[in-house]
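Note sheet for the following structure.
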There are 2 protein chains.
Amino acid sequence: MTAATPLDAEELAAYLALKEVSSLLEHAVEQQLRTDGGLSGPQFQILARLSDAPAGHLRMTDLADSLVYSRSGLTYQAAQLEKQGLIMRTPAEDDERSIVVTLTPAGRELLDRVMPGHVEVVQRLLLTSLSRRDIAAITDIMGRVRDRMRTAPPRSAQRRPAGG
Amino acid sequence: MTAATPLDAEELAAYLALKEVSSLLEHAVEQQLRTDGGLSGPQFQILARLSDAPAGHLRMTDLADSLVYSRSGLTYQAAQLEKQGLIMRTPAEDDERSIVVTLTPAGRELLDRVMPGHVEVVQRLLLTSLSRRDIAAITDIMGRVRDRMRTAPPRSAQRRPAGG
DNA sequence: TATTGTTATACTCTATAACTATA
DNA sequence: TATAGTTATAGAGTATAACAATA
């Protein structure tokens with residue numbers, strides 16, 4: 001067994017600081033979304049993703065993949081959003097199995113209404129503390145980490161049946 | 001109303017990259033904790049916090065504060081952990097209202113057992129991609145952000161009753 | 001009165017498995 | 001057979017409000 005070298009002080013500090021900042025930021029953002037638009041974090045993410053999509057719509061599977069969670073979880077959220085008239089689900093034309101999710105005008109409106117507050121929170125909590133160089137550094141570093149994470153085997157090939 | 005300048009491209013990129021990395025990392029860590037020790041993220045945090053505490057114990061309120069969530073939420077988690085024999089709750093000596101939470105030997109054992117895998121995940125997903133300079137940069141930047149976040153008024157004084 | 005902690009309750013979120021329908 | 005999506009279900013987590021006890 002590889003003895004999993006414990007993190008040194010700097011590594012630990014970096015990890016913990018990153019974790020705490022993300023956690024506090026996420027918390028604050030979720031509260032703002034809830035207050036300003038009655039949206040949960042996942043719901044906002046779905047709407048935002050749709051609004052960024054080329055034609056304002058995506059298939060369920062694509063949404064689920066890009067948001068990391070299970071299809072049943074997405075079905076649940078989609079049902080909530082549809083109930084509120086924020087999205088529409090329609091059968092895909094080319095593949096009868098697929099469902100295309102579209103942002104409704106009401107959905108776009110809500111997004112527009114919620115966005116300024118969202119931006120304000122991010123500005124106030126995160127960006128205020130950052131110089132232009134800091135921002136570039138984060139983009140660079142986190143971008144690299146993200147690319148590696150996506151490349152690396154998600155789960156498998158971690159545990160070997162026999163040590164060797 | 002301050003027109004909440006929309007984030008420019010760089011700011012947005014930094015924010016999104018940060019968010020995605022944290023999210024993926026958290027996800028992976030939680031799965032590892034669950035698999036290796038049957039612990040949820042919050043439960044692990046509680047145990048870890050206790051293990052870092054000076055005498056291996058903290059009051060409920062202190063725990064709740066340092067972990068951000070509500071006291072009733074902590075009561076729930078503490079009950080789960082106590083059921084499993086990982087912590088102990090005992091009345092405080094100096095203040096009859098307070099409860100002191102202590103890590104049991106079994107709790108420490110579990111923490112020891114889970115930690116190597118935890119470290120491994122952080123190494124593999126995060127630290128592998130980082131140079132020494134990156135680590136220093138993250139520590140510096142995130143440390144600064146965290147300090148500001150803590151200093152800033154948590155919730156109040158955000159919305160003014162009248163604009164001007 | 002304020003603080004510490006618990007309880008009752010209600011709700012959201014998520015995942016797994018079983019199922020339907022199309023490719 | 002594999003893929004897309006839904007449903008049923010079950011469990012975990014969290015918060016709010018009401019409560020009891022101590023400061």
Side-chain angles (χ1 to χ4, degrees), chain A residues 23-24 26-35 37-47 57-84 86-102 154-155, chain B residues 23-24 26-35 37-47 57-84 86-102 154-155:
Chain A
S23 161
L24 289 172
E26 188 188 355
H27 214 261
V29 163
E30 291 205 339
Q31 191 192 316
Q32 179 268 323
L33 294 172
R34 182 82 56 190
T35 302
L39 287 174
S40 68
Q43 287 169 357
F44 173 75
Q45 270 199 307
I46 292 175
L47 297 184
H57 56 74
L58 286 173
R59 293 184 320 147
M60 290 290 281
T61 294
D62 298 334
L63 260 176
D65 285 355
S66 73
L67 295 174
V68 175
Y69 55 49
S70 65
R71 270 169 308 161
S72 77
L74 179 58
T75 296
Y76 169 78
Q77 292 296 357
Q80 307 305 310
L81 292 171
E82 199 170 37
K83 251 188 254 171
Q84 301 174 54
L86 303 173
I87 64 169
M88 237 174 46
R89 280 184 287 184
T90 50
E93 291 175 4
D94 53 324
D95 186 337
E96 296 277 330
R97 293 171 304 180
S98 295
I99 299 273
V100 170
V101 185
T102 312
R155 274 159 216 189
Chain B
S23 160
L24 290 171
E26 189 188 354
H27 215 262
V29 163
E30 292 205 339
Q31 191 192 316
Q32 179 269 323
L33 293 172
R34 183 81 58 189
T35 302
L39 287 175
S40 69
Q43 286 168 359
F44 173 74
Q45 271 199 307
I46 292 174
L47 297 185
H57 57 73
L58 286 173
R59 293 184 320 145
M60 290 291 280
T61 293
D62 298 333
L63 259 177
D65 285 353
S66 72
L67 296 175
V68 174
Y69 55 48
S70 64
R71 268 168 308 162
S72 75
L74 179 58
T75 296
Y76 169 78
Q77 292 297 357
Q80 307 305 310
L81 293 172
E82 198 170 37
K83 252 188 253 172
Q84 301 173 53
L86 303 173
I87 63 168
M88 238 174 46
R89 282 184 287 185
T90 49
E93 291 176 2
D94 53 325
D95 186 338
E96 295 280 328
R97 293 171 305 180
S98 297
I99 300 276
V100 170
V101 184
T102 312
R155 271 157 220 193

Legend entry - Separation of C/dA23 P from A/D94 CG (nearest whole Å): 9 Å
Legend entry - Donor/acceptor link under 3.5 angstrom from A/S72 side chain onto base of C/dA15: yes
Inset, instruction - Give the nucleotide from the list C/dA15, D/dT6, D/dT14 with an atom nearest to the side chain of A/S70. - result: C/dA15
Legend entry - Side chain of B/R97 - closest among C/dT22, C/dG5, D/dA23: D/dA23
Inset, instruction - Choose from D/dG5, C/dT4, D/dT14 the nucleotide whose nearest atom is closest to any side-chain atom of A/M60. - result: D/dG5
Inset, instruction - Please work out if B/E30 contacts a base, only the sugar-phosphate, or nothing of the nucleic acid, heavy-atom cut-off 4.0 Å. - result: nothing
Legend entry - Residue mapping more 5' on DNA chain C - nearest nucleotide basis, B/D62 or A/G41: B/D62
Inset, instruction - Classify the side chain of B/R71 and the base of C/dG5 as holding, or not holding, a donor-acceptor pair under 3.5 Å. - result: yes
Inset, instruction - Examine C/dC13: is either OP1 or OP2 under 4.0 Å from a nitrogen or oxygen in the side chain of A/S40? Give yes or no. - result: yes
Legend entry - Name of the residue among B/L86, B/V101, B/L63 meeting side-chain contact (heavy atoms from CB on, under 4.5 Å) with B/I46: B/L63
Inset, instruction - Would you mind telling me which of D/dG5, C/dT22, D/dT22 lies closest to the side-chain atoms of B/E96? - result: D/dT22
Legend entry - Below 4.0 Å: OP1/OP2 of C/dC13 and any side-chain N or O of A/Q43: yes
Legend entry - Separation of atom CD in B/Q84 from atom C1' in D/dA12, rounded to whole Å: 13 Å
Inset, instruction - Ignoring backbone atoms, test whether B/R89 places a side-chain nitrogen or oxygen under 4.0 Å from the OP1 or OP2 oxygen of C/dT6. - result: yes
Inset, instruction - When you get a sec, tell me which of D/dA4, C/dC13, C/dA15 is the closest nucleotide to the side chain of B/H27? - result: C/dA15
Inset, instruction - May I ask you to evaluate whether B/Q77 reaches the phosphate of D/dA12, defined as a side-chain N or O under 4.0 Å from OP1 or OP2? - result: no
